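Inspection log for the structure reproduced underneath, given as structure tokens.
Order of the sequence lines fixes the chain letters, A, B, ..., with proteins taken first and strands second; residue numbering starts at 1 for each chain. Because the structure is predicted, anything quoted here is derived from the model rather than measured.
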Amino acid sequence: MAGLLPRASKRLRLASSPGWQQQQPATSQHVGQDENKTTHFGFETVAENIKASRVASVFSSVASNYDTMNDLMSLGIHRLWKDHFVRSLDPGIATSPFADQAKQGQTILDIAGGTGDIAFRMLDYCTTVKKDTTTSVIVSDINPDMLAEGRKRFSTSPYQSAGRVSFLEANAEDLSAVESSSIDLYTVAFGIRNFTHKEKALAEAFRVLKPGGVFACLEFTPRLRNPLMNAFYKRWSFGAIPLIGQIVAADRDSYQYLVESIERFPSQEQFKTMIQDAGFIIPGQGSEGGPRGWEDLTMGIAAIHKGVKPA
Amino acid sequence: MPGKTSLQAFKQLLSLPSSVRRRTFSVLHRPPPNYPGHVPLTLLERGGLAIGSAFGSLRNPYRHDLIAALGEATAKPYFVSRLRRAMLENPTGRRILRDKPRITSQSMSLERLRQLPANTVGHAYAAWLDREGVTPDTRDSVRYIDDPEEAYVMQRYRETHDFTHAITGLPVIIEGELAVKAFEFANTLLPMTALSLVAIVRLKPVERKRFFEVYGPWAISNGLKAEEVINVYWEEELETDVDVLRQRLGIETPPDLRELRKKLRDQMKAEKAAKDARERLGATTGV
């Protein structure tokens, strides 16, 4: 059915081609005349200045069943991804009986971390594995409902009373509430694909990180490496996930947006370039035939990108 | 090239009249919607929606959206088309299909209805809404039925469900809803109405007995012998006398369910009080 392929791929792009094209050469856009600029919201084209509020309403709507839905959509695998993400980052300071007791713990900033999945894992890892009780996490999210879920989760944990977790309602593209060069580790898990301007978020990440600080991003990829597995995966995404959203969360449209926004995200290569353009050094690069600059998870359904701010 | 022959076969498939060929598309390239909010579903998706919403609504009967989705997923083939044909065969039904009126809290002003004379349909409707503590909220929009007119038929059925409650006087509690659903099954033949009767397992034994002895038989016999309720132009019948309408449609009022339950509750309370008094008396006299 080779002749039908262009039609099918055009369907996937739908009418949002102008918006889709516009999103790609991000750095060459200039700032004036905001009203005319459009971006993608899933497969829809929307004005840039309303994308954030559209995303906000999606996440307000999904906040209460967020964890149940994640389990159903990824068949629980998201837990493994998040565990691996945190372990591979090895947060927290190394402590020893002879170490200086007054040594400062790390400051971790978890962006779009509303419900606190990553923050919790970070703090548990520091406390349990590294025996570090001083590292703290700032949980930041643009959506107050997601942040409320996070606050609820932390309210019964020892971290709340120890003052190791704080909550910041902020847009990742404007972290003026965070001082420059004050963060040791900046993480964003499954959030960056919803940002209107990923480059601005990357630039802010670069600003708030200390020299030598680490940027880490866990995100879905737009397609799998293996074409056959990709075919199954896409059909699961576009068929089963909105259906599960309808049945479990009474909200087909939000989950339709979520799978469409995954489709619109840049590929691992493109995203790696965006991270480099923001000024980060990608670890492990620079040698012939060396690692590609990101880590694929579960056949490439998700990927971990890391960058280090040069000293 | 294997692509060539399957392309020819596909073209032949497309050239068949649309009523004959099964629509084949994948979730990756859905056809464009036929009306705002329309989501064309594949057979597999429809099956998944039917099963998921059936179990979901059984687990949580307050999920009206799942009951609605179950109705849409099981309406085709045949059932919603038969209902539409029933509307086309009736002059009032034809007018409803032509006008496509929608019942919303704006189109049904409760203040106006409450002021109507006590024996009118409109007043009975407002009185029922007040008694049950519900409002004529906008019902979920139909999304999963492909033909726009059949989608309207489904929407109309959903929006006039409360009127069926009002003229039969059945309450919103699960027992009342099941009685109305049984009536609607006998009257409209929509599969969802029959499937929702599975919720009988959620009734208490006393309620189940009452359903099988009183309300079930009432529902089936009245639903079958009555005129098709889908063909009633409710917006025009608001000032009609309720008894006249019921007679015209051929519907008898069932026993007042809330009254029956209240009587039974009072009886049980009286019996319990008497038993307690006897025990207390027995305790003091040492018998």
(message) Taking Glu45(B) first and then Arg252(A), would you say they form a salt bridge - that is, a charged N and a carboxylate O separated by under 4.0 Å?
(response) yes
(request) Not counting sequence neighbours, which residues clear ring pair (Phe, Tyr, Trp, His ring centres under 6.0 Å) with Phe41(A)? List them please. (result) Tyr257(A)
(message) So for Leu41(B), is it side chain, backbone, both, or neither that comes closer than 4.5 Å to the heavy atoms of chain A?
(response) side chain
(request) Locate the shortest heavy-atom distance separating Gly239(A) from Arg30(B); write the atom from each residue and the value. (result) CA-NH2, 4.5 Å
(message) In the structure I gave you, are the side-chain heavy atoms of Tyr144(B) and Gln246(A) within less than 4.5 Å of one another anywhere?
(response) yes
(request) Mind checking the CD1-CG spacing from Ile244(A) to Leu49(B)? Nearest 0.5 Å is all I need. (result)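 Ile244(A) atom CD1 to Leu49(B) atom CG measures 12.0 Å (nearest 0.5 Å).
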(request) With chain A as the partner chain, list the residues of residues 52-68 of chain B whose heavy atoms fall under 4.5 Å from it, by residue number, and write 'none' if nothing qualifies. (result) Gly52(B), Ser53(B), Arg63(B), Asp65(B), Leu66(B)
(request) Please list all pairs passing the salt bridge (Lys or Arg N to Asp or Glu O under 4.0 Å) test where one or both residues lie in residues 50-59 of chain A, with sequence neighbours left out. (result)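 Pairs touching residues 50-59 of chain A that pass the test: Glu44(A)-Arg54(A).
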(message) According to side-chain hydrogen bond (donor to acceptor under 3.5 Å, both in side chains), who are the partners of Asp71(A), at least two apart in sequence or on a separate chain?
(response) His78(A), Arg79(A)
(message) Atom CG of residue position Leu44(B) - does it have more than 12 heavy atoms of other residues, nucleotides or ligands inside 6.0 Å?
(response) no
(request) Side chain from CB out, backbone as N, CA, C, O: work out which of these in Leu243(A) comes under 4.5 Å of a heavy atom of chain B, or both, or neither. (result)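 The answer is the side chain of Leu243(A).
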